[in-house]
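Heads up, the thing below is written out as structure tokens.
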Amino acid sequence: MLLRMSSLFVRTLREAPADAELPGHQALVRSGYIRRAGSGLFSWLPLGYRVLRNVERIVREEMDRIAQEVHFPALLPKEPYEATGRWEEYGDNLFRLVDRRGNDHLLGPTHEELFTLAVKDLYSSYKDLPLSLYQIQTKYRDEARPRAGLLRGREFLMKDSYSFDLDDDGLEASYQAHRDAYIATFDRLGLEYVIVSAMSGAMGGSRSEEFLCPTPVGEDTFVRSPGGYAANAEAVVTVVPDAAPIDEAPPAHVEDTPDTPTIETLVAVANDRFPREDRPWVAADTLKNVVLMLTHPDGTRTPLIIGLPGDRDVDLKRLEAHLAPAEVAPFTDADFAAHPTLVKGYIGPQVLGADSASGIRYLVDPRIVAGTRWVTGANEPGRHVFDLTCGRDFTPDGTIEAAEIRAGDPAPDGSGPLELARGIEIGHIFQLGRKYADALGLQVQDEQGKLVTVTMGSYGIGVSRAVAAIAETTVDELGLCWPAGIAPADVHLVLAGKADDIVAGAERLAAELVEAGCTVLFDDRLKERPGVKFKDAELIGVPHIVVVGKGLAEGTVEIKDRASGQRDDVGVDDAVTEIVRRVGAAR
RNA sequence: CGGGAUGUGGCGCAGCUUGGUAGCGCACCUGCUUUGGGAGCAGGGGGUCGCCGGUUCGAAUCCGGCCAUCCCGACCA
């Protein structure tokens, strides 16, 4: 394959458009790989489309080992999504449209419904399972705020697959097969990744892991421990301290603490009027009770109070992940008026809990275990209670992971402090269970002739996003820098000069490389000066840059490694062999 | 959806305060010179200044409304 720069549909830009923020995105636009077509919409130009297809090819090759490829419509009828409730649940993120007959349609954000129905359509026996199907399809989400170029567009290319099994063991095997396939895929893509435990989110289901590509420009926060534990921030499990003996705790006592509606003021007053002997009071000694109002999918509202150490804020994402599908809102003044037992700023757990005076459900941070002693509200203005002991003076209804995660928190695997990092979600695998099969009636007969509901898994790889992730993690000050196999070409051959023998030499080398099986991007432009071509070659980021120019007089051409910048002169007669060797080695 | 900002040739920007009929760099076209790190000189093409309305003899500039886009947050692959 030979691509001639003289006729390639590309124009490199010296400056990036103002709407491109991330370095990789800027480089993709500057080098003429993609163009913005609208908010969150991108056109793929020849170089970019070659890269996209390379990524797609690798994904497809690895998926073909474990699943069968199909292709379903991107434009979908409403009915299946109504049956599963997602027509409503997806809300404004769903692209909806109406056909000329007035029927509602949607542009698929993901395809669980269609795959489930397709299997239901054709299969009805346990003998047909297990089954895994996948597609590589354009997906649509009407993002509230598209951003970061290809990383969060409104149209994107995604590989999604779905597994169908008779039982939990089968699902686990299908899940594991996908996990292995993803590892192989991302290894081949040359993408660094971390596999983190995740919440399955609004889709329902149990086990779930994300593949995150670590980079500061990523929008997901995750943690990792020295011992290898890694989790999405939403899914981090708090280390539970040992319970302390209750009888050692001094009795609780209520004290006057005027004007202390916040943790900060409370700590100050406590140190001023009730100093500790061993050390000053700190926010972590206090128990903060946050009042929330939950709205359930059926529209009912119930209050919920969350107790957590006073030095921690509630992490809304974590909280909502654990309360889904209920939605969380702060308590309003009207809500306080309706619950007179709650004294704003001085709420204490003595009146909280399903069986208590208020009857309000009370969940606490897992660190609040039996025997721990707290300074907390006395349920009257200007007064707090000290040495209130969990398990003796109050009993929560349960625990909840709602507190923010901090760097340095102990890791669940006991291997040391957690480190916080950012990453791009490039893959997500999870066990859906029977949510969709139930909703859509996907059942097969088992060996006894009994109908059983199929259990499913769902697995995604963001193909266009993977391109962006590779660009963001490999870009340098000169431009793009693709891994072999992803790059739009194997070799970027630069014709540096206009003399007949140089032109002829470069043309011959290009032809020989193509003959040897290389894809060659040949900068044969006679009107451009060498400096421009060198800059363009570095910007475009093909792994091997070969320069045919003034060295030819001494019988050499230059081979440059884009990533390292290493340059080597090799004899003209050895050039093809050496280049092919390098291309082959890199593959 | 809250907060902030911006819309002027393909890209990056100036002009707007103080109204007078649009400019600079890059890119593009022609010619000459140059030719190993985004060349120089000369000439040239391309813009209803986001849209609608208002004020005015006259609006890119002032006023009102709308739209779009980007950034932070909320939300999300």
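Values reported hereafter were calculated over all heavy atoms of this structure, with side chains retained and with hydrogens, waters and symmetry mates removed. Throughout, a chain's letter reflects where its sequence line sits, starting with A, and its residues are numbered from 1.
Between the side chain of A:E558 and the base of B:G36 there is at least one donor-acceptor pair of N/O atoms closer than 3.5 Å. Between the side chain of A:R525 and the base of B:G38, no donor-acceptor pair of N or O atoms lies under 3.5 Å. Judged by distance alone, with hydrogens and angles left aside, A:R465 brings a side-chain donor or acceptor within reach of the base of B:A77, the pair sitting under 3.5 Å. A donor-acceptor contact under 3.5 Å is formed by the side chain of A:R567 with the base of B:G37.
The separation of B:G25 from B:A39, taken at their P atoms, amounts to 16 Å, rounded to a whole angstrom. Comparing the same atom, C1', in B:G9 and in B:C28 gives a spacing of 11 Å after rounding to whole Å. Taking atom C1' in both B:A27 and B:G10, the straight-line distance is 7 Å, to the nearest Å. Spacing between B:U61 and B:G37 at atom P, rounded to whole Å, works out to 47 Å. B:G64 and B:G45 have their C1' atoms separated by 38 Å, given to the nearest Å. To the nearest whole angstrom, the two C1' atoms, one in B:G54 and one in B:G43, are 44 Å apart. Remark: the separation of the C1' atoms in B:A22 and B:G46 is 14 Å, to the nearest Å. Taking the P atoms as reference points, B:A74 lies 41 Å from B:G53, given to the whole Å.
The backbone N or O of A:L13 lies less than 3.5 Å from a partner atom in the side chain of A:R30, making a donor-acceptor pair.
In this structure, of B:C11, B:A39, B:G37, it is B:A39 that holds the atom nearest to the side chain of A:R529. The side chain of A:R30 lies closest to B:G38 when the candidates are B:A77, B:G38, B:C76. Closest contact between the side chain of A:K535 and the listed nucleotides B:C76, B:C13, B:G37 involves B:G37.
Atoms CD (A:E15) and P (B:A14) sit 12 Å apart, rounded to a whole Å. Rounded to an integer number of Å, the gap from A:F534 CZ to B:U35 P is 15 Å.
Of the side-chain N and O atoms in A:R147, none sit less than 4.0 angstrom from OP1 or OP2 of B:C75. A:R36 has a side-chain polar atom (N or O) that falls below the 4.0 Å cut-off from OP1 or OP2 of B:C70. When the side-chain nitrogen and oxygen atoms of A:R14 are compared with OP1 and OP2 of B:A27, one or more of them lie within a distance under 4.0 Å. Between A:S39 and B:A68, a side-chain N or O to OP1/OP2 separation shorter than 4.0 Å is absent.
Counting heavy atoms from C-beta on, the side chains of A:R50 and A:W44 never come closer than 4.5 Å. Residues A:D220 and A:E210 are in side-chain contact: their nearest non-hydrogen atoms beyond the backbone lie under 4.5 Å apart.
Base contact: A:K498 has a heavy atom under 4.0 Å from a base atom.
The six-membered or imidazole ring of A:Y162 lies away from that of A:Y134, with a centre-to-centre distance of 6.0 Å or more.
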